[in-house]
Structure formats: structure tokens, C-alpha cells
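Accompanying notes for the structure given below.
Quick note on labels: first sequence line is chain A, next is B, and so on, each numbered from 1. Just the heavy atoms: all of them, side chains too, but no hydrogens, waters or symmetry mates, feed the values below.
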There are 2 protein chains.
Amino acid sequence: MEISLTEENYMKAIFSLQLNADEVVSNSRLAEHFNTRAASATDMLQRLADKKLVHYKKYQGVTLTTKGHKLAVHIVRRHRLWEVFLYEKLQFKWDEVHDLAEQLEHIQSEELTNRLDKFLNHPKCDPHGDPIPDKKGQIRSDLAKPLTHIIQKGYYRITRVTDHSKSFLNYLTEQNICIGDVVKLEEINAYDASCKLKTTGGQIVFLSQKAASHILAEFKK
Amino acid sequence: MEISLTEENYMKAIFSLQLNADEVVSNSRLAEHFNTRAASATDMLQRLADKKLVHYKKYQGVTLTTKGHKLAVHIVRRHRLWEVFLYEKLQFKWDEVHDLAEQLEHIQSEELTNRLDKFLNHPKCDPHGDPIPDKKGQIRSDLAKPLTHIIQKGYYRITRVTDHSKSFLNYLTEQNICIGDVVKLEEINAYDASCKLKTTGGQIVFLSQKAASHILAEFKK
DNA sequence: AAAAATAATTAGACTAGTCTAAATTATGAG
DNA sequence: CTCATAATTTAGACTAGTCTAATTATTTTT
């Protein structure tokens with residue numbers, strides 16, 4: 001079946017807007033995500049429902065069907081593999097890879113995807129720490145938690161960021177915070193959920209609730 | 001200015017259908033090339049003329065403007081660089097790279113193209129021996145001639161093929177003929193322009209006029 | 001040079017995807 | 001529970017790109 005570029009983008013958006021699988025995604029969130037009108041989103045959701053990619057009932061929002069979930073995961077796999085390629089092989093910065101990968105991900109070839117995966121040595125994560133689904137669509141479970149959810153001070157390894165905007169990534173780069181770094185969480189402010197940490201380089205950095213919520217880390221044994 | 005995917009494809013087609021620059025390309029050749037209707041080609045040529053990419057007069061066919069030529073060469077550059085990537089890095093066969101490159105070439109990013117070029121070590125030719133335009137759009141002149149134009153027997157280096165169809169490329173692979181090989185041209189048949197040659201491996205191969213006309217070679221000093 | 005054949009163009013319709021504006025349904029505050 | 005508001009859907013229009021059918025221009029033939 002033919003899946004258009006726009007349809008693929010909707011599928012990916014539904015997948016990434018639902019925090020847990022089976023969560024219903026509303027029309028308005030999709031419209032907002034694409035900077036488009038609710039009427040256009042309705043149109044597309046009906047189209048996707050016709051193709052059995054989403055469960056859709058009028059006024060009730062959508063969830064992915066099994067088939068739709070599979071498709072979305074494949075698109076995500078392509079996106080993240082291309083990000084690794086752009087980052088590791090072409091030396092793009094982590095804040096530059098997203099837009100190009102957004103275009104490369106739409107080349108629908110299993111063969112290309114699998115060969116790229118092999119060429120890159122089957123990477124586990126993209127430059128933002130997002131896990132890359134394998135050939136079968138399996139996604140490695142991620143144990144990392146947002147800094148805002150950590151209650152105990154100590155050493156943590158930063159493994160992932162969940163905001164891919166240039167401004168956020170540039171901010172982290174300026175603060176000398178990178179994926180893989182081990183940082184010391186020195187203070188957790190109970191009042192506003194901000195925190196203070198010591199980076200690999202030894203600098204002290206204060207993070208707002210907003211920033212901290214987009215940085216995922218796991219306890220360093 | 002926005003150039004759509006379809007427009008890019010037309011520009012590339014016009015460029016490659018004209019054997020010498022400034023040669024007029026007819027509506028019908030374009031329509032045939034895209035397996036579409038003449039009416040659609042007319043439509044597109046008018047659109048391209050509006051964008052000053054082609055010189056177009058009703059019933060007279062088209063040629064590229066300076067601006068259009070520049071654009072076409074850039075698309076060709078992207079296409080050929082991606083072919084090298086697919087062939088050298090992802091180990092695709094030379095008959096498999098064309099269709100994927102056709103999609104990859106439409107990603108419009110100077111930065112991506114130039115980084116890819118650097119990553120591949122500024123290749124001079126794609127897997128079919130077609131020269132790759134440089135950053136400025138300069139194309140290295142190609143001294144090679146079709147086997148059908150060679151009048152003197154002797155040793156020649158095969159540098160390029162001008163038919164990229166799977167069937168032709170597979171045929172050459174079966175006959176053990178590759179880009180870069182030095183072959184001995186043993187007989188040139190004046191009657192039907194067919195020829196006989198000895199390959200690198202020592203086999204004797206007979207080539208029809210049609211096949212020989214798509215194989216380019218240069219004299220081996 | 002006129003008639004016949006071929007090639008190119010126009011006119012009008014269709015699809016995917018988008019929009020605005022109007023109508024409908026859901027929600028939540030009192 | 002009902003009314004106001006917010007969210008969603010429908011209706012109808014628009015663009016890019018495509019098509020068929022009809023028309024017009026060019027070229028070839030006689």
C-alpha cells in the first residue's frame with residue numbers, strides 16, 4: 001500500500017505524541033504539532049483510518065493499530081539511523097541532524113535501512129540518546145528517568161534528551177553537557193524542581209525544571 | 001525559490017536528454033521519458049519557463065537557461081554522489097544504485113552534499129563512470145569514446161557506460177566487464193559495427209553495435 | 001502549395017492536500 | 001442538568017499535478 005509523505009509524518013507524530021502506547025492523541029495536538037488547521041488533521045485521520053493505520057472515532061481522537069504501530073516504528077528507525085549517519089560520518093552537530101533526517105527517513109527501502117544499520121555497526125542510540133528500533137521493530141527499554149524525577153543526590157550518567165530543538169541543544173552544549181557524561185547531582189530543589197549539578201568538566205550548572213525535565217539519566221553504579 | 005520534486009526531475013531530464021548543451025529538447029521526448037502525457041509535459045514546461053529555468057516557445061521545445069543549467073548540474077552532482085555512497089559504503093551493486101539515488105538526490109542541502117562529497121573523498125566518477133560535477137558545478141571533460149567510434153585495434157581502458165538499465169549492467173557483469181578494466185579490442189566489424197574483445201580475465205566477448213555504443217573507453221598508453 | 005500526418009497546446013475534469021467558515025458535539029461550571 | 005465554551009467535523013473552495021478529449025500548429029507527403 002502506498003503511504004504518502006504526509007501520512008508518514010502523521011504516523012510518526014501520533015507515535016511520538018503518545019507517551020505510553022494506547023494513549024489517545026487528540027486532533028488538536030496533531031494540528032498544533034504540524035502548525036496546521038484542525039480541519040486538515042481531521043481529514044488526514046479519516047484517511048489513516050481508511051488505511052487501517054489508526055483507530056479513529058469521531059470526536060474521540062486516535063490510537064495506532066498494530067499495523068500502524070509497526071509502520072511508525074519503522075519510520076522512527078529510519079530517522080534515527082540517518083541521524084547517526086549524519087552525526088558520526090558527516091560530522092554534523094547534534095542540533096543539525098534532525099531536519100535532514102526528517103527528509104531522509106521518507107525513503108522507503110528496507111534494504112537501504114538495513115544496510116545503513118550494518119554500515120553504522122548497529123547503533124543502539126541516535127545522537128540524542130533515543131533508542132533505535134531493530135530490524136523487527138523491537139525497541140530496547142530505556143531505564144533512564146528525567147532529572148526532575150530523581151530524588152536522591154549522587155552520580156548519574158546522562159543518556160538521553162527529549163527536546164531536540166536547536167535552542168535547547170545549543171544551551172546544553174554551552175553548559176558542557178553531553179550524552180554519556182557522568183554528572184554529580186548536588187541539589188534538588190523541592191520547591192520548583194530545579195537542580196544543581198557538577199559536570200564532567202567540574203563546572204557547576206543550575207537547571208530549571210523545564211530544562212531538567214528533558215534530560216534523562218540513570219544511576220551510576 | 002521553491003523547486004518541487006517534479007520540477008527537479010524535469011530539469012534533470014532536460015539536461016540529460018540533450019547530448020550537447022543548447023540542444024533543443026522536445027515536449028514528446030520529455031513526455032515519453034516520464035511515461036506521461038504530452039499535456040502534462042506542456043504544463044510543466046510552462047511552469048519551468050515562468051521560473052526562468054528554461055527557454056520555452058510554444059511548439060519549439062526547450063533549452064536550459066544559465067540558471068536552469070546550474071540547477072540541473074547540482075541535481076546531477078547529488079545523484080552521482082549518492083550513487084558512490086550506496087556503491088562504496090553500503091555495498092549495493094552497480095545496477096541497484098540508480099533508483100535509490102533518484103530519491104536521495106532530491107534532498108536540497110548544499111551542506112549535506114558537500115559533506116557527503118568530502119566523506120567520499122571527492123570522488124571523480126560514479127559507479128557507472130559518469131563524472132561528478134564539483135562544488136561549483138564544473139564537470140571534468142571526458143575523453144572516452146564509445147567502442148563503436150574506435151577505429152584502431154589495441155588496448156583500451158573502459159571508463160564509462162551510458163545505459164544504466166539493470167539488464168544492460170547485468171549483462172556486462174556476466175561478461176566480466178567492469179569500469180576501469182583494460183581490454184584488448186581485437187576486431188571491429190565494419191559491416192554491423194559489432195566488435196570482439198578480450199577481457200581482463202582473458203575471455204573473448206562479442207558485443208553488438210547496441211551494447212558497444214553504450215561502453216566508453218580511452219586508449220591505453 | 002494543399003492535404004495528411006504528427007506533434008503540441010488548450011480546456012476541463014480529477015485527486016491529494018490544504019484552507020476558511022459554518023455547523024455539530026463534548027465538556028465543565030454553576 | 002443546562003448553558004457557554006472549547007474542540008471537532010463538515011462543506012466548499014483553492015493549488016499542484018495529473019489525465020482525456022478536442023483544437024491548433026508544424027511538418028511531411030504528394
Side-chain angles (χ1 to χ4, degrees), chain A residues 1-15 17-19 23-64 68 71-72 75 102-103 105-108, chain B residues 1-14 17-19 23-65 68 71-72 75 102-103 105-108:
Chain A
M1 192 192 6
E2 290 287 304
I3 311 284
S4 77
L5 192 143
T6 316
E7 287 166 348
E8 281 204 352
N9 280 332
Y10 267 83
M11 292 306 294
K12 195 167 63 115
I14 296 165
F15 178 80
L17 286 177
Q18 53 183 190
L19 301 179
E23 187 182 324
V24 170
V25 176
S26 71
N27 186 309
S28 52
R29 287 194 51 190
L30 284 165
E32 185 193 22
H33 181 267
F34 288 111
N35 262 303
T36 188
R37 297 311 171 133
S40 308
T42 300
D43 234 57
M44 186 49 74
L45 296 183
Q46 288 171 342
R47 211 184 298 277
L48 295 174
D50 288 347
K51 297 196 176 182
K52 312 281 183 209
L53 294 171
V54 299
H55 296 296
Y56 170 72
K57 281 204 196 99
K58 278 188 187 179
Y59 297 97
Q60 304 304 142
V62 283
T63 55
L64 298 173
L71 173 63
I75 302 167
E102 196 97 308
Q103 301 188 63
E105 78 191 8
H106 294 295
I107 296 172
Q108 296 174 16
Chain B
M1 192 189 10
E2 289 287 304
I3 312 285
S4 77
L5 192 143
T6 316
E7 287 165 347
E8 282 204 352
N9 280 332
Y10 267 83
M11 293 306 293
K12 195 168 64 117
I14 296 165
L17 286 176
Q18 54 183 187
L19 301 180
E23 187 182 325
V24 170
V25 177
S26 72
N27 186 310
S28 51
R29 292 226 322 178
L30 285 165
E32 186 193 23
H33 181 267
F34 288 111
N35 262 304
T36 188
R37 298 311 172 134
S40 308
T42 301
D43 233 56
M44 186 52 73
L45 295 183
Q46 288 171 342
R47 211 185 297 277
L48 295 174
D50 287 349
K51 296 195 176 183
K52 312 283 184 208
L53 294 170
V54 300
H55 296 295
Y56 170 72
K57 280 205 197 100
K58 278 188 187 179
Y59 297 96
Q60 303 304 142
V62 283
T63 55
L64 298 173
T65 61
L71 173 64
I75 301 167
E102 196 97 309
Q103 300 188 62
E105 78 191 9
H106 294 295
I107 295 173
Q108 296 174 18

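If you measure from atom CD of Gln60(A) to atom C1' of dT27(C), you get 12 Å, rounded to the nearest angstrom.
The distance from the CE atom of Met44(B) to the OG atom of Ser4(B) is 5.0 Å, given to the nearest 0.5 Å. From Asn27(B), atom CG reaches atom NZ of Lys58(B) across 13.0 Å, with rounding to the nearest 0.5 Å. Note that CD1 of Ile14(A) is 10.5 Å distant from NE2 of His33(A), once rounded to the nearest 0.5 Å. Note that CD1 of Ile3(B) is 12.0 Å distant from NE2 of His106(B), once rounded to the nearest 0.5 Å.
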Please list, one pair per line, the donor and acceptor atoms closer than 3.5 Å that link side chains of residues 46-55 of chain A to other protein atoms, with sequence neighbours excluded.
from     : atom 1 : to       : atom 2 : distance (Å)
Arg47(A) : NH2    : Asp43(A) : OD2    : 3.3
Lys51(A) : NZ     : Glu2(A)  : O      : 2.7
Lys51(A) : NZ     : Glu7(A)  : OE1    : 3.0
Lys51(A) : NZ     : Glu7(A)  : OE2    : 3.1

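When all heavy atoms of Gln108(B) and Gln103(A) are compared, the pair lying nearest together is N-OE1, 4.4 Å. Across every non-hydrogen atom of Tyr10(A) and Ala41(A), the tightest pair is OH-CA, 3.5 Å. In plain terms, the two heavy atoms of Asn9(B) and Glu105(B) that are nearest each other are OD1-OE2, 3.7 Å. Scanning both residues, Val24(B) and Gln60(B), for their nearest heavy atoms gives CG1-O, 3.2 Å.
Within residues 33-45 of chain A, the residues that place at least one heavy atom under 4.0 Å from DNA chain D are, in residue-number order, Ala38(A), Ala39(A), Thr42(A). Within residues 47-57 of chain A, the residues having any heavy atom closer than 4.0 Å to DNA chain C are, in order of number, Arg47(A). Listed by residue number, the members of residues 2-15 of chain A with any heavy atom below 4.0 angstrom from DNA chain D form an empty set.
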Does the side chain to side chain contact (heavy atoms under 4.5 Å, CB included) test come out yes or no for Met11(B) and Leu64(B), once each step is laid out? CA-CA 8 Å; Met11(B) 293 306 293; Leu64(B) 298 173; 3.5 Å; yes

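For Tyr56(A), there are no ring pair (Phe, Tyr, Trp, His ring centres under 6.0 Å) partners, not counting sequence neighbours.
Note that the first and last nucleotides of DNA chain D, 5' to 3', having any atom under 4.0 angstrom from a heavy atom of chain B are dA16(D) to dT26(D).
Looking at heavy atoms from C-beta onward, Glu102(A) lies in side-chain contact with Lys12(A) at the 4.5 angstrom threshold.
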